[in-house]
Amino acid sequence: MSGRHEKEKGVNVQVLLRCRPFSEEELRNNAPQVVKCNEYQREVAVSQNIAGKHFDRVFTFDKVFGPSAQQKDLYEQAVVPIVNEVLEGFNCTIFAYGQTGTGKTYTMEGECKRAKTGPNGELPAEAGVIPRAVQQIFDTLEGQNAEYSVKVTFLELYNEEITDLLAPEEISKVALEDKQKKQLPLMEDGKGGVLVRGLEEEIVTSASEIFTLLERGSAKRRTAETLLNKQSSRSHSLFSITIHIKEATPEGEELIKCGKLNLVDLAGSENISRSGARDGRAREAGEINKSLLTLGRVINALVEHLGHIPYRDSKLTRLLRDSLGGRTKTCIIATVSPAVHCLEETLSTLDYAHRAKNIKNKPEVNQKMMKSTLIKDLYGEIERLKGEVYAAREKNGVYIPKERYYQEESERKAMAEQIEQMGVLLETHQKQLQELQDKYVAQVRQCSDLSGKLEMTEKNLNETVKLLSNSEEELKKCRYELEEKEFIICEQKKAENALAHQACVLRSDLEKALKDNASLFLKIGREDKLNSDNRVVVNNFQVELAQQIGSLCNLVASSVSQQN
Ligand code: ADP
Ligand code: MG
């Protein structure tokens, strides 16, 4: 699962930083320290003084090794997992990048002169990545009791010319001009890769042999150094270890697992910045740094996801194409010096390395080969070599005049160049085709999406139309009801008005009645008074009457008595 995930998304190039300790000379001169490493936080801080102000620029990497880190620490923390992957059948590449004198060669090879294995076969403390990797490979393979073979190649790339650092002695003894002729051509291998024709492949059978080989290679590099004015700072070296391991399938078939480790000691990075300004105008810098410049451009193109990656522009990038954005697992060890006089280069190295962190590779395990096929291939190779040996011995190969040979050679070169250009063209065309195809597929998908959406929309529309007609009917009904209600309201208003009028009339009547009432009350009052007056009169009358009656009675009585 995770493997597939990894394959699809790609894994980033791992970038480590190593800062070397002060050299004796720097210590003697009391050089100020401007680089500080924090191994736990994986950070490097560079102090700068700009216009009298102090700044710290901080960079983060996958791993950081400070001046006190030993060869063994770096190897165990950073390289052991990579070598294990090589043993599992991956191709892996480790680049050392940095200014001259910062420890690229020290990290990759170590101090070889003193590097002789100890009494128990253990490595000296100064041994670098190459001897330790070889040791680990042999230890692991012996431990597994596996049947295996280990082959190494060691080449140098200087001025776009490849020389074999392992080639037999007599070649390295010949004069420089001859040596230049001995440069090896790069050829397409027909499987999308390149190979260096005529490169010596040394079979290694034990870890201790590696020192002899390294010394042979380094010695050759050293001779050249004195002759070619510090060539090593401008040359790249590539040490490759190829491992074949025999495995048996459950069906008893024998398979060969193959893994390859490339260890690249690049030219000093100061060569880029120095010739960078000039490149493109005059070719003063010649081809010396073409490979380093192209490596930078390839990294830029990969980081910025440009369409065209200029792998084919230099031999280094052709050789290591697969390590940059390809199927190889890649690690870059950037080396810097802690001293202030290297500040500018240190910052440029840190920027470059930080940028490279963004490259993504898509590592793939090499396909296992059937042993029988491998043997068939080897027989073919043996036949071809036999033929060559025979031709050489009998001198009965093809002989042609020198002029014709040169003419044919130049024609061949022109054709190869043409083929290369056509290859580039083909590649861009293929890429365009692929892009167009991708676009077409995307369009078709979009189209089908759109038609699906259209269908849905039509269905929605139909439903909406139905809903709309229902709504319209309802609206009509509502309008009718509204009209009715409005009519009723109007009539009610009219009735209300009439009522109000009536109320007014009633009110005035009422007011009149009130007035009448009041006068009535007045009248009643007057009547009451009259009544009381009348009562008084009556009472007076009654009293008078009673008096008169009394006097009458008295009169009657006196008259009666008189009569009597
Ligand atoms: P480069 O290959 O980058 O030009 P070298 O590997 O030749 O640099 O290193 C320059 C000098 O610094 C050598 O003498 C080497 O021994 C020393 N040196 C570099 N890195 C370290 C380190 N980490 N510890 C001790 N010495 C170192
Ligand atoms: Mg070096």
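Residue numbers count from 1 along this sequence. One-based numbering, in listed order, for ligands and for the atoms of each.
- Y148 and F138 have perpendicular rings, their planes meeting at more than 60° on a 0 to 90° scale where under 30° would count as parallel.
- Using modelled atom types, one side-chain atom of Y311 and one backbone atom of L324 make a donor-acceptor pair closer than 3.5 Å.
- Looking at R28 and E25, no side-chain N of the basic residue comes within less than 4.0 Å of a carboxylate O on the acidic one, giving no salt bridge.
- Residue contacts with ligand 1: Y106 is placed with a nitrogen or oxygen under 3.5 Å of a nitrogen or oxygen of the ligand (distance criterion only).
- Polar contact with ligand 1: present for T105 (N/O pair, distance under 3.5 Å).
- Of the N and O atoms on the side chains of T140 and Q136, not one donor lies less than 3.5 Å from an acceptor on the other residue.
- Atoms of ligand 1 lying under 4.0 Å from any heavy atom of T100, numbered from 1 in the order shown and given with element: 4 (O).
- Assignment of T335 to the shell around ligand 1 is not supported, since no heavy atom sits closer than 4.0 Å.
- Taking every heavy atom of both residues into account, L157 and S291 meet most closely at CD2-OG, 3.4 Å.
- The nearest protein heavy atom to atom 22 (C) of ligand 1 is closer than 4.0 Å.
- Among the backbone and side-chain atoms of T105, an N/O/S atom is found under 2.8 Å from the Mg ion (ligand 2).
- Atom 16 (O) of ligand 1 has E111 OE2, 3.4 Å as its closest protein atom, hydrogens excluded (heavy atom only).
- Salt-bridge annotation for K257 and E247: present, with a side-chain N of the basic residue lying under 4.0 Å from a carboxylate O of the acidic one.
- In this structure, the protein non-hydrogen atom closest to atom 12 (O) of ligand 1 is R20 CD, 4.1 Å.
- By the 6.0 Å contact criterion, CD on E304 is enclosed, its count of non-hydrogen atoms from other residues, nucleotides or ligands being greater than 12.
- Under 4.0 angstrom from ligand 1, the non-hydrogen atoms of Q99 all belong to its backbone.
- The nearest heavy-atom contact from the protein to atom 24 (N) of ligand 1 is P21 CD, 3.3 Å.
- Using modelled atom types and a 3.5 Å distance limit, the side chains of R234 and N159 yield no donor-acceptor pair.
- Here is the list of ligand 1 atoms found below 4.0 Å of a heavy atom in R18: 23 (N).
- At the top of the distance list for atom 19 (C) of ligand 1, counting protein heavy atoms only, stands G103 CA, 3.5 Å.
- No side-chain donor-acceptor contact under 3.5 Å links K151 to the backbone of I203.
- Closest to atom 1 (P) of ligand 1, if we only count protein heavy atoms, is G101 N, 3.4 Å.
- Side-chain contact annotation: T330 with T328, donor-acceptor N/O pair under 3.5 Å absent.
- Residue contact check: K104 has heavy atoms under 4.0 Å from atoms 1 (P), 2 (O), 3 (O), 4 (O), 6 (O), 8 (O) of ligand 1.
- Distances from atom 14 (O) of ligand 1 to the protein include no heavy-atom value under 4.0 Å.
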